[in-house]
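Below, chains carry the letters A, B, ... as their sequence lines are ordered, and counting in each starts from 1. Values below: all heavy atoms of this structure, side chains included; hydrogens, waters and symmetry mates excluded.
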2 protein chains.
Amino acid sequence: MKVPKRQQAVNNVRPTIRDVARAAGVSTATVSNVLRGTRFVGPARQKKVRDAIELLGYNPNWLAAGLRARRSGVIGLVVPDITISFFSGILSRIEELAAGSNYQIILADAQEKPERERERVRALLRRQPDGLILVPCSDYSAALQDIRQHKVPAVLVDRGGEVSGFDSIDVNNFDATREGAGHLLRLGHRQILAVATNPALRNIAQRIAGFKAALKAGRGRGQIINCSDPVEARQKVLRVLRERDRPTAIFAFTEQMALGSLRAIWESGIEFPGGISLIAFDDCEWMTALRPFVSTLRQPTNAIAEKAWLTLLKRLQGNQRIRSRQQLECTLMIRESTTRPGRVASQLAESAARRQTADPSG
Amino acid sequence: MKVPKRQQAVNNVRPTIRDVARAAGVSTATVSNVLRGTRFVGPARQKKVRDAIELLGYNPNWLAAGLRARRSGVIGLVVPDITISFFSGILSRIEELAAGSNYQIILADAQEKPERERERVRALLRRQPDGLILVPCSDYSAALQDIRQHKVPAVLVDRGGEVSGFDSIDVNNFDATREGAGHLLRLGHRQILAVATNPALRNIAQRIAGFKAALKAGRGRGQIINCSDPVEARQKVLRVLRERDRPTAIFAFTEQMALGSLRAIWESGIEFPGGISLIAFDDCEWMTALRPFVSTLRQPTNAIAEKAWLTLLKRLQGNQRIRSRQQLECTLMIRESTTRPGRVASQLAESAARRQTADPSG
DNA sequence: TTGAAAGCGATACCAC
DNA sequence: GTGGTATCGCTTTCAA
């Protein structure tokens, strides 16, 4: 004697829409309509359905819904490294906005490795994401090919630049860097060390360009080094600081590079900021926690996240009238770590320095 | 004249398993078996199938697969605030491990709000996650009820404690705090301010208990304040530092509280660390970037993440032999921000202080 | 060893 | 307004 499985009132299994329908004495169509407001349902049934849902503790299965509706409600978000606060800030805001529109975020961390990025993107695409937000880890990422093939709307953040077929949001790195370097030049610095990461990244390339432009205009001499992490930055910067003709200022192109540079500065024994100035991209809370407060170029993290989300949302809604490339401006935050160049290189040897610290500025 | 949709070779639509089957001249069952290695398939067909997959650029639809197999391949991860580096560190490691086992992470940020946490958890449960990893934002979270009801395996991290039906991983907060406070007491501090967050959180409650225990044993006097964010911490700490009989040391129970306390210290004008010592939970990179380097209690972030993932994975594999509660130890990192108490409260008025800084200790 | 076909749990079209 | 039901793309018996 066969009994359709559905009919046995199994108790320890998650209720389905049919269980609700049966309990409420209506059809599954009605339950679905109550839930999604797709079409009008009479108040009496409306209530019966809601009661049944409450009673059974029903929670719809999005796998099934997504399969049928061809809309997964999932957005894939790929970042180069989630432990970097610039990225986690963006992620945080996007997650919030997405949740507000009933989307969820599948996170993929590429760990700054293009192969890994590609692998993660492919896995993501299997999930039928409705859209993708991507902070690429290489300038021209293989992953983009896969995305194109799957025809999933995607927006490129921070390091995107102009790649055909993708929307992109970034900041005006060129002007920001020029402004930062200009600040140093105006203070009187003539020899500046830029600590960059991978010049193949769009944003870094732009910063390098801005840096060079400023030096050229301001008659300064510059040196640029590329490091992949704080440890490498620390070593390389230290080496530069120990040269006879050392720079009087450092321009760190990311928070990570600032961290490495700072370690190097302390180890060099040079008075800071008296003997060496520092300015950094990425305005982090810790930069105003200990002295000297670090001068920075603040990127509008929230605005970046919001623009990225809004752009994607419009695409999801089929809106075609979107500026495909949007750029935001950074803000120069002058604090204590940038001062006029005081000591000269020959005084380098002095160590265990006494430092003058001013009152907190803000 | 009706034509079954399937038969029209639609070109601009993602290929399905049936397209592959047709192209390879086999059944869908065979394609599935080739893909998943479920059962043996003859080498000739094997190859035909693989070729067809390659040709069509087929990527399986996980929504459909998950629906059918009752296994979504998704893990829900709920954190109180992803911008806090302790949580993003854990997330980062878990994401990596999960990807290694072919799972993906749906991220939910509760923003330290229990209502929000519950809402996010419910949304997560609709996704049919195979498991959940949760850093709860309240001691006894309503969300846990929902999880129980859905019978999804879940592990509680950091703030879990012993909740029946859930595995949990945390650190020995009691001993760690006792050790930290003991360090201050041994230096000679007798009046210590603890800057805590929400005492309803398990881990914070344990830290408070450890703090009290240390004070009692060491004959110190303590004061505990609770703050919800750095701004509040800054204000409250500043107020305390301006009292006549002010503490000579501060114990910040989280990175956020350390940030707020530091702002207050600078604003108070008290010499630091000469006039006021500071020790903090959570060992962050920035704490050794600027002077004085901050003494901390380091939590083994990676180990926490790994244990959490491993525990969940075992549950997913049906392993029942799991210690339901696992605890890890913290490490006291003594640096420069904790010194013997020097100045007394009456000297508070002096400001624009000159500070002695030692060489970096490493 | 392989194929046919019955679902998984929703949605949405077509009737009434 | 409401209900019946084909269907989304895949997995997994059951038969052959």
A.B. asks: Whether A/R70 contacts D/dG9 is assessed here as follows: a side-chain N or O lying under 4.0 Å from the phosphate OP1 or OP2. Is that the case?
C.D. replies: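 Affirmative; the distance criterion is met.
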A.B. asks: Please give, in whole Å, the distance from C/dT11 C1' to A/L67 CG?
C.D. replies: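 Taking atom C1' of C/dT11 as the reference, CG of A/L67 is at 10 Å.
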A.B. asks: Expressed as a whole number of angstroms, how long is the span from A/R45:CZ to D/dG1:P?
C.D. replies: 11 Å
A.B. asks: Would A/L156 and A/D170 count as a side-chain contact (heavy atoms from CB on, under 4.5 Å) if you check the C-alpha gap in whole Å, the side-chain angles of each, and the deciding distance to 0.1 Å?
C.D. replies: CA-CA 8 Å; A/L156 266 29; A/D170 56 4; over 6 Å; no
A.B. asks: Please evaluate residues B/E119 and B/R116 with respect to the criterion salt bridge (Lys or Arg N to Asp or Glu O under 4.0 Å), reporting the C-alpha separation (whole Å), side-chain torsions for both, the decisive distance (0.1 Å), and the verdict.
C.D. replies: CA-CA 5 Å; B/E119 182 189 291; B/R116 216 186 164 85; 5.3 Å; no
A.B. asks: Starting at atom CZ of B/R22, determine the distance to atom P of C/dG3, rounded to an integer number of angstrom.
C.D. replies: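 Answer to the nearest Å: 14 Å.
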A.B. asks: Atom CH2 of B/W62 and atom C1' of C/dG9: how far apart are they, to the nearest Å?
C.D. replies: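 In whole Å, C/dG9 C1' lies 20 Å from B/W62 CH2.
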A.B. asks: Need the bend value for the helix from C/dT1-D/dA16 to C/dC16-D/dG1: angle between end axes, 5 pairs each end, nearest 10°.
C.D. replies: 40°
A.B. asks: Tell me the interatomic distance from A/R18, atom CZ, to D/dT5, atom C1', rounded to whole angstroms.
C.D. replies: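 One finds 10 Å between C1' of D/dT5 and CZ of A/R18, rounded.
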A.B. asks: Rounded to the nearest 0.5 Å, how far does CG of A/D158 lie from CD1 of A/I90?
C.D. replies: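 If we round to the nearest 0.5 Å, A/I90:CD1 and A/D158:CG are 6.0 Å apart.
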A.B. asks: Pick the closest DNA chain D nucleotide for A/G42 and for B/N59 by heavy atoms, then say which residue is nearer the 5' end.
C.D. replies: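 Counting from the 5' end, the first nearest nucleotide belongs to A/G42.
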A.B. asks: Using a strict threshold of under 4.0 Å (side-chain N to carboxylate O), is an ion pair present between B/D167 and B/R325?
C.D. replies: no
A.B. asks: Would A/R120 and B/E95 pass as an ion pair if we require N to O under 4.0 Å?
C.D. replies: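 Answer for the salt bridge query: yes.
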A.B. asks: Between the side chains of B/K48 and B/D51, is the shortest nitrogen-to-carboxylate-oxygen separation below 4.0 Å, so that they form an ion pair?
C.D. replies: no
A.B. asks: Mind calculating the distance between CZ (A/R71) and P (C/dT11) to the nearest angstrom?
C.D. replies: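 About 11 Å, once rounded to whole Å.
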A.B. asks: Can we say B/E112 and B/R159 salt-bridge, meaning some charged N sits less than 4.0 Å from an Asp/Glu carboxylate O?
C.D. replies: yes
A.B. asks: Find the distance between CZ (A/F87) and OG1 (A/T301) and round it off to the nearest 0.5 Å.
C.D. replies: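 Separation between the atoms: 10.5 Å.
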A.B. asks: Taking OP1 and OP2 of D/dG3, is either one under 4.0 Å from a side-chain nitrogen or oxygen of A/S27?
C.D. replies: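 Indeed, a polar side-chain atom of A/S27 lies that close.
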A.B. asks: To the nearest 0.5 angstrom, please state how far the CD1 atom of B/I82 sits from the CG atom of B/L77.
C.D. replies: 7.5 Å
A.B. asks: Touch check for B/V26, heavy atoms < 4.0 angstrom, all strands: base, sugar-phosphate only, or nothing?
C.D. replies: sugar-phosphate
A.B. asks: Specify the separation, in whole Å, of atom CZ of B/R127 and atom P of C/dC8.
C.D. replies: 21 Å
A.B. asks: Listing time: all N or O pairs from protein to nucleotides 11-15 of chain D that are below 3.5 Å?
C.D. replies:
residue: D/dT11; atom: OP2; partner: B/S32; partner atom: OG; Å: 3.0
residue: D/dT11; atom: O2; partner: B/R68; partner atom: NE; Å: 3.4
residue: D/dT11; atom: O2; partner: B/R68; partner atom: NH1; Å: 2.4
residue: D/dT12; atom: OP2; partner: B/R36; partner atom: NH1; Å: 2.8

A.B. asks: In whole Å, what is the span from the CG atom of A/N61 to the C1' atom of D/dC8?
C.D. replies: 13 Å
